[in-house]
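Here's the structure we're looking at; comments come further down.
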There are 2 protein chains.
Amino acid sequence: MPAAAYDIATSRPDAAPEFSPRQQVVLQHALMLLVEGGEKALTTAGLARTASCSKESLYKWFGDRDGLLAAVVAYQASQVQFPSESGATADADTFRAHVTAFVEALLGVLFSETSLALNRLSIGQSNTNSNRLGHLLLVRGKHMISARARTMLESGRRHGLLKFDDAEDAYQVLYGLAIRDVHIRFLLGESASTAERDHKSQAETAVDRFYRLFGA
Amino acid sequence: MPAAAYDIATSRPDAAPEFSPRQQVVLQHALMLLVEGGEKALTTAGLARTASCSKESLYKWFGDRDGLLAAVVAYQASQVQFPSESGATADADTFRAHVTAFVEALLGVLFSETSLALNRLSIGQSNTNSNRLGHLLLVRGKHMISARARTMLESGRRHGLLKFDDAEDAYQVLYGLAIRDVHIRFLLGESASTAERDHKSQAETAVDRFYRLFGA
DNA sequence: GCAGAACCGTACGGTACGGTTCGGTGTGCG
DNA sequence: CGCACACCGAACCGTACCGTACGGTTCTGC
C-alpha cells in the first residue's frame with residue numbers, strides 16, 4: 001500500500017503543514033509550473049524533470065496527483081502572512097491606517113500571480129474530487145483572512161471608531177469595495193490597468209468609502 | 001481541410017452567433033454536461049452520446065474541441081438578456097427600482113449554475129490557448145453588462161439622481177457592493193446560504209449603500 | 001424515383017499522461 | 001565492510017480521450 005495522500009481531513013486548518021525542505025523546493029517548482037502554464041502544465045513527469053526528482057518520490061510523498069495539488073495549495077496558503085494587528089487601535093488615525101494597510105495587503109495577496117494561479121486551479125477542479133481543493137483554499141485562505149479582518153473591525157467598533165451590526169457583513173462590504181470585479185477579471189486573464197496596479201491608492205479609496213458607510 | 005473552428009476573431013462581439021437549431025440543441029446538452037461535471041465531463045464522445053449526434057458532426061460544426069468550448073460560451077452569453085431600461089428614469093423612485101432590478105438580475109445571472117460553470121471553464125483555461133475563452137466571456141458577457149450599467153447610471157446622473165465623476169468607477173462600486181466575495185466563494189464550490197439566496201433583499205441593501213455613496 | 005448531401009453510430013489510430021517497477025547510486029550506521 | 005534506506009533516472013503499462021474514417025440511414029431537391 002502506498003503512502004497516504006496529503007489529506008485535508010487529517011490536518012487541522014490552523015496547523016502549518018510540515019513538508020521537508022526538499023519537498024518544499026519541489027512544491028515551489030510545482031507552483032512555478034502552475035503559474036506559467038496552468039494545471040495542464042503540471043504533469044508528474046514534467047515536475048520530476050524540472051525539480052530534479054523522481055516520479056517515485058512524488059508518489060511516495062504526495063500519494064497521487066490530487067495529493068500533490070492539495071499539497072501545493074496547502075503549502076502556499078501557509079506561506080501567506082498578514083501584518084500583525086497588536087495594539088493598532090491606539091487612536092483613530094493609526095487604526096484607519098491599519099485598516100488601509102490590511103486592504104493593501106489583501107490586494108497584494110489576491111492579485112499576485114501565485115494566488116491567481118492557485119485560485120484558477122481550485123476553481124477548475126471545483127466540480128470534481130468532492131471539491132477538496134476549493135475547500136482547502138477557502139478554509140486555509142479566505143476564512144483565515146476573514147477571521148483576521150473581523151477581529152480587526154470589531155476592535156475598531158469597541159473603540160468607538162466604527163459602527164455596524166454584523167462584523168461579517170461589514171467585512172464583506174469592505175472586501176467588495178476593495179476588490180470589486182477586478183479579481184474575476186484577472187482570473188479570466190485580463191491584465192491589470194495602471195490604476196489597478198496602485199494598490200495603495202486603491203486601498204485608500206476603498207477605506208474612504210467604507211468609513212462613509214460604517215464610520216462612527 | 002476541415003471546417004474552421006468557431007473563431008472569436010471572425011465574429012463581431014455584438015453579433016449574435018448563428019447556430020442552427022440542431023446545433024443549439026447540441027450546445028445545450030454540452031452546457032448540461034459542463035454544469036454537472038465540469039470540463040472533464042465534456043468529452044466529444046460523451047456529448048455525441050447524450051446529444052444523439054455523431055462525433056463527425058461535432059468536428060464538422062465546431063472544428064475541434066476548443067471550438068466547441070468557445071461555441072458553448074458564445075451561445076450561452078448570447079442567451080443572457082437584461083430588462084430594458086427605456087424611460088426608466090421618469091422619477092426618482094422608479095429609477096431606483098430600476099437600478100435595484102438591474103442588480104437583482106445581475107445576481108441572478110452571475111450566481112446561476114450555468115454562469116458559474118462557464119466561468120469555471122473559462123478560468124480553468126485562462127492560461128492556455130492564448131486565452132480565447134476568457135476573452136470571449138469578458139467581451140460577450142462582462143463588458144456588455146458593464147456598458148449597459150454605465151448608460152443606466154449616466155442616465156440617473158443626467159436626471160440629477162446620482163452624483164459621480166466616472167461612470168465606470170461608480171458601476172464597479174455597485175458591483176462590489178452587490179457581489180462582494182460571494183461570486184468567488186461560489187466558484188470555489190461553496191454553496192449559498194439562505195440569505196445569499198434572497199437576491200431581492202441582497203440587491204436592496206446593495207443599492208441602499210450605493211445611494212449613500214453616490215446619491216445626489 | 002433517384003442522386004447527392006447531411007448525418008448517425010462505431011470502430012480505430014495516435015498520443016499524452018497517471019501510476020508502477022526496476023536497476024543504479026550515494027549516505028549513514030552498526 | 002556490509003546492510004538498510006532514500007533517492008534518481010528511465011523504462012514500462014494501462015487508460016482515457018482527441019480526431020478521423022467508414023458503412024449505413026434519413027432527408028432534400030429535381
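All values derive from a computational prediction rather than experimental measurement. What's counted below: heavy atoms across the whole structure, side chains too, no hydrogens, waters or symmetry copies.
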Are the side chains of [Y] and [X] in contact, using a 4.5 Å heavy-atom criterion?
X      : Y      : result
B/L153 : B/F210 : yes
A/L110 : A/V182 : no
B/S115 : B/F111 : no

Could you tell me whether the phosphate oxygens of [N], OP1 or OP2, come under 4.0 Å of any side-chain nitrogen or oxygen in [X]?
X     : N      : value
B/W61 : C/dA6  : no
A/T44 : C/dG18 : yes
B/S57 : C/dC8  : yes

Grab the [atom1]-[atom2] distance between [X] and [N] for me, whole Å please.
X     : N      : atom1 : atom2 : answer
A/K60 : C/dG19 : NZ    : P     : 17 Å
A/E56 : C/dT25 : CD    : C1'   : 13 Å
A/Y59 : D/dA6  : OH    : C1'   : 19 Å
B/D66 : D/dC18 : CG    : C1'   : 11 Å
B/L47 : C/dC8  : CG    : C1'   : 14 Å
B/R49 : C/dT10 : CZ    : P     : 10 Å
B/L58 : D/dC18 : CG    : P     : 10 Å
A/Q23 : D/dC7  : CD    : P     : 8 Å

Hey, is the side chain of B/K55 pairing donor to acceptor with the base of D/dG19 inside 3.5 Å? yes
CG of B/D166: more than 12 outside heavy atoms within 6.0 angstrom? yes
Look at the aromatic rings of B/F82 and B/F102 and report parallel, tilted or perpendicular, splitting at 30° and 60°. tilted
Between B/S52 and A/T43, who's closer to the 5' end of DNA chain C by nearest nucleotide? B/S52
At under 4.0 Å between heavy atoms, what does A/R22 touch on the DNA or RNA strands: base, sugar-phosphate, or nothing? sugar-phosphate
